[in-house]
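Naming: A, B, ... by sequence-line order, numbering from 1 per chain. Values below: all heavy atoms of this structure, side chains included; hydrogens, waters and symmetry mates excluded.
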Protein chains: 2
Amino acid sequence: MQQGIQLILNNISKIVSLTKEEQDLFVSKLQYIEYKKKEFFLHEGQFSNELNFIIEGCVLVYYTDHSGFSHLIQFAIEDWWVGDIASSTHNKPTQLNIQAIEKTKVLRISKDDLEYVFEAIPKLERFFRILVQKRVANLQQRIISSLSKTATERFIEFREQYGFLENRITQLQIASFLGVTPEFLSMIRRKLNSSKK
Amino acid sequence: MQQGIQLILNNISKIVSLTKEEQDLFVSKLQYIEYKKKEFFLHEGQFSNELNFIIEGCVLVYYTDHSGFSHLIQFAIEDWWVGDIASSTHNKPTQLNIQAIEKTKVLRISKDDLEYVFEAIPKLERFFRILVQKRVANLQQRIISSLSKTATERFIEFREQYGFLENRITQLQIASFLGVTPEFLSMIRRKLNSSKK
DNA sequence: GTAAATACTTAAGCTAGCTTATTTTTTTAT
DNA sequence: ATAAAAAAATAAGCTAGCTTAAGTATTTAC
C-alpha cells in the first residue's frame, strides 16, 4: 500500500504541487481495497459515489444493452483513475459495470471526502478539473474516430494508442471497444497480417 | 450585451454563488463579440485559447476528415458554453472548426484570464470542473449510443434530447451528427412517419 | 423578384460489417 | 495433469447503411 501512496502522490504532482500537510490530509481520506479477478467495483443500477486510483491491475468499464450485449466504454490500468463521472455528477444510478479483470489494488476516495478536500485544498480541485478535461479530449477523439474512420482504421489507431494493453485484454474486449463483432475483428487482423509481409 | 451578462451570471449561479465583487472581477475579463451567419470562431490548425458563452445564436463544432467530409461533434445555442477543451488542455492546434450558423453573440474569456480567475475565485474553478464533468457525461452517452444503437434509434434519441433544435439545423447536419448519410436519414424519417399514423 | 445554390427525397445497386455455425486454440479450475 | 470453459479463427450467407444519380423543394444573394 505504501508504494501505492507514492504512486498516487506522484500522479498528482505531475499537475499540481502539494505541501506535505496537504498530501497528508488527502492521503488520510484514502481507503485501500483489493479486488480479485472478475470482482466488480460497481454494478449497473448502483450509485457511484467513489473515485478509484489503480495501483496495480486492470479494470473494464462497460455498458450492457437490453439484448445483453456488452460494450466496452473504457479500461484502466495502474496509475489511472476510474469511476463513473456521469453517475456521480448527475446523482443518478449508473448504467455501467466496472469489473477487475486481474487482481487489482486501488486507493479509493468517497465523493463526500473528495468534496471536502476540494474545499480544503483548491489545488486538488484544479487537478481533478484538468483530469476531467483530459477525459473530455479522449472521449471526443473517440467520437471523431467513430464518425470518420472504418473499423480497420480504428483498430490501427487502437494499437498505436493502447498497444501496451494487447496482452492484457482479449480480442473480444478490443472488438467491443471498437464497436465491431469479434469475428469481424479477426478478419481485420488477418488482412493486416497478410498485407504486412 | 447587458442582458448577456445577466444570462452568464445566471448560468453560473445555478452551480456556485458568487459575491458581487467576484461577479465584477469575472465580468471584467469578458469580451463581447458578434459573429455573422457563417463566420468562424475557430479553424482547424489554429490554437484554441478561448472559452465562449453564447448569448444568442447557434454554432456548430465539426471535424473535417482527409476526404473533405464534415462530422458534427457538437452544436451550441444561447446559454451554452463552447470551446475546444481538447486543444486548450493539451496546447495543441485544434482539429475542429467552430462556425456560427446564425448571427451569434458571445461573451468570451481567454485561457489566461480564465486561469487568473480560477486562482482568484476557486468557486469558479469548481463551476468549470462541474461543467466539464457534464460534458464527459454527454460524450459518454453518445459513445454508448454509437456502440449499442441503430441509426433509427439514435435519431429517435436525438429528437428526444435535441428536438428543440430541429428547426435551427438542417437534416444534413443532423445526419452528420448521427454518423449517417443524409440520404439514409431521409429514409429513416420516411419510415418513422409512415409507421406513426 | 428571380437565378443560382443548397437542401431534401427517392430509388437502385453495392459493400462493410453482422449472424450463425463449425473448428481450433488457449485459459482456467480442480 | 486434465477436463471444461472460454477465446479465437474461418467461412457462407445476410442486412444496415452507403453510393450514385436524378428529380423536387427551399434558401440565398443580388
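Ring centroids of Trp81(A) and Phe128(A) are separated by less than 6.0 Å, placing the two rings close together.
One atom, CG of Leu172(A), and another, P of dT25(C), lie 18 Å apart when rounded to the nearest Å. Atom CD1 of Ile174(B) and atom C1' of dT6(C) are 16 Å apart (whole Å). Taking atom CD of residue Gln171(A) and atom P of nucleotide dT10(D), one finds them 12 Å apart after rounding to whole Å. Separating the CG atom of Asn193(A) from the P atom of dA8(D) is a distance of 14 Å, rounded to the nearest angstrom. Taking atom CG of Leu192(A) as the reference point, atom P of dA9(D) lies 12 Å away to the nearest angstrom. We find that CD of Glu166(B) is positioned 11 Å from P of dC8(C), with the value rounded to whole Å. Rounded to whole Å, the distance from CD on Gln173(A) to P on dA8(D) is 8 Å. Between Ile101(B) atom CD1 and dT27(D) atom C1' there is a gap of 14 Å when expressed in whole angstrom units.
In this model, the phosphate group of dA9(D) is approached by a side-chain N or O of Arg189(A) to a distance below 4.0 Å at OP1 or OP2. The side chain of Lys37(A) contributes an N or O atom lying less than 4.0 Å from OP1 or OP2 of dT28(C). A sub-4.0 Å separation between OP1 or OP2 of dA8(D) and a side-chain N or O of Arg190(A) is absent.
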Scan nucleotides 13-17 of chain C against the protein and return all N/O pairs shorter than 3.5 Å with their distances rounded to 0.1 Å.
from: dG17(C); atom 1: OP1; to: Ala151(A); atom 2: N; distance (Å): 3.2

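You'll find that the side chain of Glu183(A) is closest to dT20(C), out of dA7(C), dT20(C), dA7(D). Of all nucleotides listed (dA29(D), dA8(D), dC8(C)), dA29(D) comes nearest to the side chain of Lys38(B).
For the pair Arg154(B) and Phe177(B), the cation-pi criterion (under 6.0 Å, within 45° of the ring axis) is not fulfilled. Figure legend: Arg168(A) and Phe75(A) shown without cation-pi pairing, the cationic atom not lying both under 6.0 angstrom from the six-membered ring centre and within 45 degrees of its axis.
Nucleic acid contact for Ser186(B): base, since at least one base atom lies under 4.0 Å from a heavy atom of the residue.
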Run the numbers on Asp113(B) and Arg108(B) for salt bridge (charged side-chain N to carboxylate O under 4.0 Å, His left out), then give the verdict. CA-CA 10 Å; Asp113(B) 283 337; Arg108(B) 166 172 298 172; over 6 Å; no
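Under the 4.0 Å criterion applied to side-chain N and carboxylate O atoms, Lys37(A) and Glu102(A) are not assigned as salt-bridge partners. A salt bridge between Glu50(B) and Lys111(B) is absent, with no side-chain N of the basic residue lying under 4.0 Å from a carboxylate O of the acidic one. The pair Glu119(B)-Arg126(A) meets the salt-bridge criterion, since a charged nitrogen lies less than 4.0 angstrom from a carboxylate oxygen.
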